[in-house]
Amino acid sequence: TAEGTAFDYTDRDIILYNLSLGAKRTDLPLVYENNEHFQALPSFGVVPWFNTNTPWNMDDIVKNFSPMMLLHGEQYMEVRKYPIPTSANTLTYPKLIDVIDKGNAAVVVAGFTTKDAKTGEDLFYNESTVFIRGSGGFGGSPKPTAARAKGATAAYKPPKRAADVIVEEKTSEDQAALYRLNGDRNPLHIDPEFSKVGGFKTPILHGLCSLGVSAKHVFTKFGAFKNLKVRFAGVVLPGQTLKTEMWKEGNTVIFQTTVVETGKPAISGAGAELLDGAKAKL
Ligand code: HDC
C-alpha cells in the first residue's frame with residue numbers, strides 16, 4: 001500500500017486560504033481565529049492533498065510530458081467531516097485512476113484520500129483531472145476506462161430558466177501570487193517566461209482559485225456543501241471578474257462561472273450537493 005504524505009495545518013493556513021479567495025477583513029468568521037464562528041471555506045478540502053507524493057511519474061504514463069503544457073481539467077472534492085477542523089495533522093493517500101488518450105492531449109485522473117493522522121478518520125476526498133496538451137497519441141483508450149464515483153464524473157446541466165442567484169467578483173491582479181502560498185507553486189501562475197512557453201502571454205490563475213471563489217459564492221448564498229464538482233472550461237487571468245450563476249435544484253446547487261470581461265466560460269458543468277440543513281450564514 002502506498003505511503004501517505006503528511007500535511008499539517010493550523011488556523012494560519014485557514015486564514016490564508018480564505019484571504020486568497022477574496023475574504024475581507026470584515027468577514028470575521030473567515031479571517032479572525034478568535035471569532036466564535038471561525039471556519040474554513042468548505043473548498044479548503046482542495047488544499048491538504050495537493051503536494052502528495054505519487055508512486056507514478058507523469059513521464060511514465062503519457063508521451064512527451066511537459067509541466068508547461070499541463071492544465072487542470074476537472075476537480076471533484078468531498079468534505080467527509082464537518083465541521084472542518086481548523087487545525088489538523090493529515091495524511092493523504094493517492095491512487096491513479098485513469099489515463100486517457102485524446103490524440104493530441106492526455107488526460108490523467110487521480111484520487112486522493114486525506115485522513116486525520118491522529119484519529120484515522122477521513123477528512124476529505126479529491127479526484128483531480130489534468131489535461132496535458134501534446135502528450136496524447138500513446139495508443140491509450142480515448143474514453144474513460146475506470147469506474148468512478150458518480151459525483152466525480154457528473155457534468156451538471158444548468159436548467160433553462162434564468163439563474164436563481166448571480167454573484168460577480170473581481171479577482172485581484174495579485175490573486176495568483178497570494179493563492180500559490182496555499183501550496184500550488186506551479187510557475188505557470190507567477191513566472192511570465194514559463195507561462196509563455198505554455199502558450200499564455202501572462203501567468204494564469206490557478207483553476208483551484210477560480211473553483212474556490214465560485215464555491216465561496218455558493219457557500220455565502222446557500223450554505224455549506226458535502227461535495228463539489230467542476231470542469232475548468234477556460235483560462236482565467238488574475239484581475240478578471242468572475243460571474244457565478246447558480247440554480248438550486250433540490251439539494252444541489254448547479255453553477256457555472258464566466259469571465260465578465262470576455263464573456264467566455266471559466267467553469268462549466270459544476271454542482272455542489274448541500275449539507276443537510278445547510279443555510280447561508282455569512
Ligand atoms: O478546456 C480547455 C481549457 O483551456 N480549460 C481551462 C484550463 C485551465 O485554465 N485550468 C486551470 C489553470 S491550470 C492549473 O491550475 C494547473 C495547476 O497549477 C496544477 C493542477 C494539478 C492538479 C493535480 C495534480 C495531481 C482545455 C485546453 C483543457 C481543453 O480545450 P480543447 O483542447 O479545446 O478541448 P475540446 O476540443 O473542447 O475537447 C477535447 C476533449 O477533451 C475533453 N475536455 C475538454 N475540456 C476538458 C476536457 N477533459 C477534462 N477537462 C477539461 N477541462 C473533451 O470532453 C473532449 O473529449 P471527447 O473528445 O471525449 O469529447
Side-chain angles (χ1 to χ4, degrees), residues 2 5 20 43 45-58 61-62 65-77 92-114 125-137 140-145 148 152-155 171 175-177 179-191 194-195 197-200 202-214 229-238 240 242 256-259 262 264-270:
T5 300
S20 73
S43 58
V46 302
V47 171
W49 65 277
F50 193 85
N51 288 309
T52 299
N53 305 319
T54 59
W56 65 90
N57 279 319
M58 287 293 194
I61 57 177
V62 303
F65 176 67
S66 161
M68 294 171 189
M69 302 304 279
L70 180 148
L71 292 172
H72 206 158
E74 294 190 330
Q75 187 72 20
Y76 172 66
M77 192 260 333
T92 294
Y93 299 86
K95 184 176 172 229
L96 182 60
I97 295 177
D98 212 350
V99 184
I100 305 161
D101 190 341
K102 293 283 179 204
N104 52 1
V107 169
V108 176
V109 186
F112 299 87
T113 306
T114 300
Y125 175 70
N126 281 272
E127 265 181 46
S128 198
T129 298
V130 293
F131 191 96
I132 311 157
R133 296 163 294 159
S135 277
S141 164
K143 291 283 166 203
T145 56
R148 295 175 61 192
T153 52
T171 62
Q175 196 101 26
Y179 189 85
R180 58 197 297 276
L181 298 182
N182 294 308
D184 179 357
R185 300 227 184 170
N186 185 343
L188 181 63
H189 308 298
I190 191 83
D191 182 346
F194 186 100
S195 68
V197 181
F200 306 107
T202 56
I204 67 172
L205 193 61
H206 300 73
L208 291 180
C209 185
S210 307
L211 174 155
V213 171
S214 298
K229 158 76 200 304
V230 311
R231 170 172 281 204
F232 302 110
V235 167
V236 178
L237 301 176
Q240 288 181 321
L242 295 174
Q256 66 185 23
T257 306
T258 311
V259 174
T262 61
K264 291 189 180 155
I267 286 175
S268 67

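When a ligand or atom number is given, it counts from 1 through the structure's own listing order.
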Engineer: Under 4.0 Å from a heavy atom of Ile204: which atoms of ligand 1 are those, numbered in the order shown and with their elements?
Structural biologist: 12 (C)
Engineer: Mark the output for Ala233 as yes if a heavy-atom distance to ligand 1 is under 4.0 Å, and as no if none is.
Structural biologist: yes
Engineer: Check each of Arg231, Met58, Lys102, Gln75 against atom 46 (C) of ligand 1 and report the one with the nearest heavy atom.
Structural biologist: Arg231
Engineer: Considering residues at least two apart in sequence or located in another chain, which fulfil the salt bridge (Lys or Arg N to Asp or Glu O under 4.0 Å) criterion with Arg231?
Structural biologist: Glu74
Engineer: Taking distance alone, with no angle check, do Ser128 and ligand 1 share an N/O pair under 3.5 Å?
Structural biologist: no
Engineer: For ligand 1, find out whether one of its N or O atoms is nearer than 3.5 Å to an N or O atom of Thr129.
Structural biologist: no
Engineer: My question is simple, although I want it checked carefully: is atom 36 (O) of ligand 1 less than 4.0 angstrom from any protein heavy atom?
Structural biologist: no
Engineer: What about Trp49: any of its N or O atoms under 3.5 Å from an N or O on ligand 1?
Structural biologist: no
Engineer: Using a distance threshold of 4.0 Å (strictly less than), state whether atom 9 (O) of ligand 1 has a protein heavy-atom neighbour.
Structural biologist: yes
Engineer: Looking at ligand 1, does Leu208 have a heavy atom less than 4.0 Å from it?
Structural biologist: no
Engineer: Quick one: which of Phe131, Phe112, Phe200 has a heavy atom closest to atom 25 (C) of ligand 1?
Structural biologist: Phe112
Engineer: Should you measure from each heavy atom of Asn186, which atoms of ligand 1 turn up under 4.0 Å away?
Structural biologist: 16 (C), 17 (C), 18 (O), 19 (C)
Engineer: Any N or O on Phe232 sitting closer than 3.5 Å to an N or O of ligand 1?
Structural biologist: yes
Engineer: Output the list of atoms in ligand 1 that are nearer than 4.0 Å to some heavy atom of Gly234, sorted by atom number.
Structural biologist: 5 (N), 6 (C), 9 (O)
Engineer: Does atom 54 (O) of ligand 1 have any protein heavy atom closer than 4.0 Å?
Structural biologist: yes
Engineer: Can you tell me how the ring of Phe112 sits relative to the ring of Trp56, calling it parallel under 30°, perpendicular over 60° and tilted otherwise?
Structural biologist: tilted
Engineer: Could you say whether the N/O atoms of Arg133 and ligand 1 ever approach to under 3.5 Å?
Structural biologist: no
Engineer: Please say whether Leu70 places an N or O atom under 3.5 Å from an N or O atom belonging to ligand 1.
Structural biologist: no
Engineer: Which ligand 1 atoms does Lys143 reach within 4.0 Å, using its non-hydrogen atoms?
Structural biologist: 59 (O)
Engineer: Is the closest protein non-hydrogen atom to atom 32 (O) of ligand 1 under 4.0 Å?
Structural biologist: yes
